[in-house]
Amino acid sequence: MVSFMKKQNELKKMVAVEAMSFVKNIISKKNIIGVGTGSTVDYFIEELSHFKENFLGAVASSKRTELLLSKHGIKLFDLNELTELEVYIDGADEVDYSLSMIKGGGGALTREKIIASVSKEFICIADESKLAENNLGKFPLPVEVIPMATSVVSRFFMDLGGSPILRKNFVTDNGNYILDIHNFKIENSVDMEKNINNIPGVVTCGLFAIRGADKLIMATSRSGIKYFGK
Ligand code: 5RP
């Protein structure tokens, strides 16, 4: 387990370095970059900090990312000041070949989905363990819920065959709870995302299929870096 984690962290770092060398060729000094959340993105932020003069600043998808960006002296922007972003870089918990994803393992799914919606290009960075060969759903689906709706929403998922578990001792940056839906079969991810979005009390679900990634940069132990998508 320890050596798997070590290997995985090496791959996360590898993909972060590659993503930076890709991103630095598509950004200009007037661009503001969308930055996601998670350990892979933490490595990316470190890379980004070496190229501060190449872009104007960043919009963060979480308080955790805000802190790290500030620590590195990267200027933060409020999304309300902007209409669109050139590029958004974020990790995933699971990603399939159509570049639909499950996200929200770090609980930042709502802000991530908002930033993704205004970004011209969404680049997902991941190590090979995140690739879903078939349907998404091995990783329990995170769903952000309004606290008073926790039971109502749980019952909806139980009726759909899932096993919701309330994430312990966790409150999102927006003051809400996360239900992690285990044993949940996801066949048509776009329709499923639309259906979940319609459940009263759901703020955001961690399925990113309606707006998936445009590009996946993936680090593999056998074949190095692989690019998928546009
Ligand atoms: C956070 C996310 C992350 O992108 C996802 O959890 C992957 O994290 P990591 O890079 O630590 O494996 O969706 O809400």
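Here, residue 1 is the first one in the sequence, and each next residue gets the next number. Worth knowing before you read on, the calculation uses all heavy atoms, side chains too, and leaves out hydrogens, waters and symmetry mates. For ligands, and for the atoms within them, numbers begin at 1 and follow the listed sequence.
- If you check which protein heavy atom lies closest to atom 3 (C) of ligand 1, you get Thr37 O, 3.1 Å.
- With atom 9 (P) of ligand 1 as the reference point, the heavy atom nearest to it among Ser39, Gly36, Gly104, Gly106 is part of Ser39.
- Backbone and side-chain nitrogen or oxygen atoms of Val41 are examined, and none is located within less than 3.5 angstrom of a nitrogen or oxygen of ligand 1.
- With a heavy-atom cut-off of 4.0 Å, Ala92 touches ligand 1 through its backbone alone.
- Among protein heavy atoms, the minimum distance from atom 10 (O) of ligand 1 is reached at Thr40 OG1, 2.5 Å.
- Among pairs with a residue in residues 21-44, those fulfilling ring-ring contact (aromatic ring centres under 6.0 Å, His included) read Phe22-Tyr227, at least two apart in sequence or across chains.
- Rounding to the nearest 0.5 Å places NZ of Lys13 at 11.0 Å from CD of Glu10.
- Aromatic ring centres of Phe184 and Phe157 lie closer together than 6.0 Å.
- At the shortest separation from atom 12 (O) of ligand 1 among protein heavy atoms lies Lys130 NZ, 2.7 Å.
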Please test Ser119 against Glu84 for side chain to side chain donor-acceptor pair (under 3.5 Å), starting from the C-alpha separation and ending with a verdict.
-> CA-CA 6 Å; Ser119 298; Glu84 66 177 12; over 6 Å; no

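- Of the protein's non-hydrogen atoms, Asp93 OD1, 2.7 Å is the one closest to atom 6 (O) of ligand 1.
- Taking a cutoff of 4.0 Å between a charged side-chain nitrogen and a carboxylate oxygen, Glu187 and Lys185 qualify as a salt bridge.
- Nearest protein heavy-atom neighbour of atom 2 (C) of ligand 1: Glu112 OE2, 3.4 Å.
- Remark: Lys113 qualifies as a cation-pi partner of Phe208 under the 6.0 Å distance and 45° angle criteria applied to the six-membered ring.
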